[in-house]
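Here is how names work: the chains are called A, B, and so on, in the same order as the sequence lines, proteins then strands, and each is numbered from 1. Small disclaimer: the values here were computed from a predicted structure and weren't measured.
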There are 2 protein chains.
Amino acid sequence: MSQQRSDTAETGTRARTRRAILDAAVTVLSQDISASLGDIAATAGVGRTTMHRYFPERSDLLAAISLDALEQADAAATRARLDDGPGADAVNRLCQELFEVGDPLMLLFNNPQLMTGKEWEEESDFDREVMRVVERGRSDGSLDPDLDAAWALQVVWALLYSAWMHSLESGVPKLTALSLCLRTVDKAFRP
Amino acid sequence: MSQQRSDTAETGTRARTRRAILDAAVTVLSQDISASLGDIAATAGVGRTTMHRYFPERSDLLAAISLDALEQADAAATRARLDDGPGADAVNRLCQELFEVGDPLMLLFNNPQLMTGKEWEEESDFDREVMRVVERGRSDGSLDPDLDAAWALQVVWALLYSAWMHSLESGVPKLTALSLCLRTVDKAFRP
DNA sequence: CAAAAACGGAACATCAGTGTTCCATGAGAG
DNA sequence: CTCTCATGGAACACTGATGTTCCGTTTTTG
């Protein structure tokens, strides 16, 4: 017991391996949610046995992916400084930050069954925070006063998804796709 | 050999059973793309053996679903009379008609791996037709002249998906969700 | 009604993925 | 260097889905 590794405080080798597995899982499962654990382990450059040490069951891995994606989304929201300036600008910044997260969020978007953990009960804190910003935007006149917050949330996700897909399918550079997305969000939400 | 049933000309009992299986498959697979054939057969009110008579392998069923959805989308496009009136109006009508198709299109949207058949090579006729309308809308001034057709296609799908989800998750009536969708498309595509 | 078609269920072999155990090897910390 | 930790691979049992065959029953059709 040289050091305690009770909760999420793992460091060094173990943390690196864990991250490699999570990243590989996102990559592989994005293509096929039914991919085998063997495939994921191979992509991570890790033995299947090792993976079972980190995530005893498939459901453990899926839960970890879900949680990790949620944390990345929260971090993106923090970076976007949602409380600064007009609501419309905050929404714009949020889209930019979320776009960077890419793969993990695509995976969640395409597989709602992943969002069934305890942290997703009812609306997540993340969702509430975003809807709050939309309402602020309506108050300060930077967003359409008729815009429903829950609907706006759906649209943001959907247009981000569109941008990712557009980049993938049409071979458009990511920045171009992001630009299209931001422009469309702006037009759709403007008063 | 009382009657030939070589191609798609099946009629009566067989056609009805086939349709029941396809409908049940869409319903079940929408919830979980990995659902077992047994579940689908049970939902269809049909023996698993019977299902294997119509679709020998799982892949045959998936291909049939994919094709059926594409045909329904084509039918919707026809009903929308894409060549009539201003481009913006045609797009609006198309959204309304596609919205009615609902479940099958949701299934495809959530599972791009279903769209790998021969009929999906490159761009489908459907996609080309829609992009043609968008370009017409740009010419006649009813749509944003800067609107990229391929991007517009993505956005239409994404906002339809948003409407379906919004109705499901927020418990909003379908017509309300459709209305939000149409309004958002209009704002996003307007000059 | 009588023949033909469609159906359902039971039984079976097969297969891929999963989760587990055990052991030998390699890398890193002290 | 040496001890500890992390790892990879082989082997195994188990499970659930799949595809197939066979046969008796029901429904449709002529």
Check your understanding: Does the distance from a Lys or Arg side-chain N to an Asp or Glu carboxylate O, for B:D186 and B:R183, drop under 4.0 Å?
Key -> no

Review point. In terms of side-chain geometry, is the basic nitrogen of B:R19 or B:D68 positioned less than 4.0 Å from the acidic oxygen of its partner?
Key: yes

Point to revise | base_contact_polar (C:dG8 base, B:T49 side chain, donor-acceptor, <3.5 Å) | key: no

Exercise for review: Could you check whether B:S36 gets within reach of a base, just the sugar-phosphate, or nothing at all, counting any heavy atom under 4.0 Å?
Suggested key: sugar-phosphate

Study note, to complete from the structure: note: B:D39, atom CG; D:dG16, atom P; distance rounded to Å ~ 13 Å

Review point. A:M51 has an atom CE; how far is it from atom C1' of D:dA6, in whole Å?
Key: 16 Å

Exercise for review: Take the protein atom CD1 of A:I40 and the nucleotide atom P of C:dG19, then report the distance between them rounded to whole Å.
Suggested key: 11 Å

Check your understanding: Under 4.0 Å between a side-chain N or O of B:Y54 and OP1 or OP2 of C:dA6?
Key -> no

**Study point:** Interatomic distance where CD belongs to A:E57 and P belongs to D:dT15 [whole Å]
**Key:** 14 Å

Exercise for review: May I ask you to establish whether B:R14 and B:Y54 are in a cation-pi arrangement, using a distance under 6.0 Å from NZ or CZ to the six-membered ring centre and at most 45° from the ring axis?
Suggested key: yes

Check your understanding: Within the structure shown, what part of the strands sits under 4.0 Å from B:R58 by heavy-atom distance: base, sugar-phosphate, or nothing?
Key -> sugar-phosphate

Check your understanding: Between C:dA6 atom C1' and B:R19 atom CZ, what is the distance in whole Å?
Key -> 19 Å

Revision key, fill the gap. Sorted by position of nearest nucleotide on DNA chain D, 5' first, the leading residue of B:P56 and B:R53 is B:P56

Check your understanding: What is the distance, rounded to the nearest whole Å, between atom CZ of B:R16 and atom C1' of D:dT27?
Key -> 11 Å

Check your understanding: Tell me: CG of B:L37 to C1' of D:dT20, nearest whole Å?
Key -> 14 Å

Check your understanding: Is any side-chain nitrogen or oxygen of A:T50 closer than 4.0 Å to OP1 or OP2 of D:dG8?
Key -> yes

Study note, to complete from the structure: Closest of D:dT18, C:dA6, C:dG9 to the B:T13 side chain is C:dA6

**Study point:** More than 12 heavy atoms from other groups under 6.0 Å of NZ on A:K174
**Key:** no

Point to revise | Sub-6.0 Å ring centroid separation between A:Y161 and A:F99 | key: no

Check your understanding: What's the NE2-C1' distance between A:H52 and C:dT21, to the nearest Å?
Key -> 12 Å

Review point. Does A:R48 make a side-chain donor-acceptor contact with the base of C:dG17, cut-off 3.5 Å?
Key: no

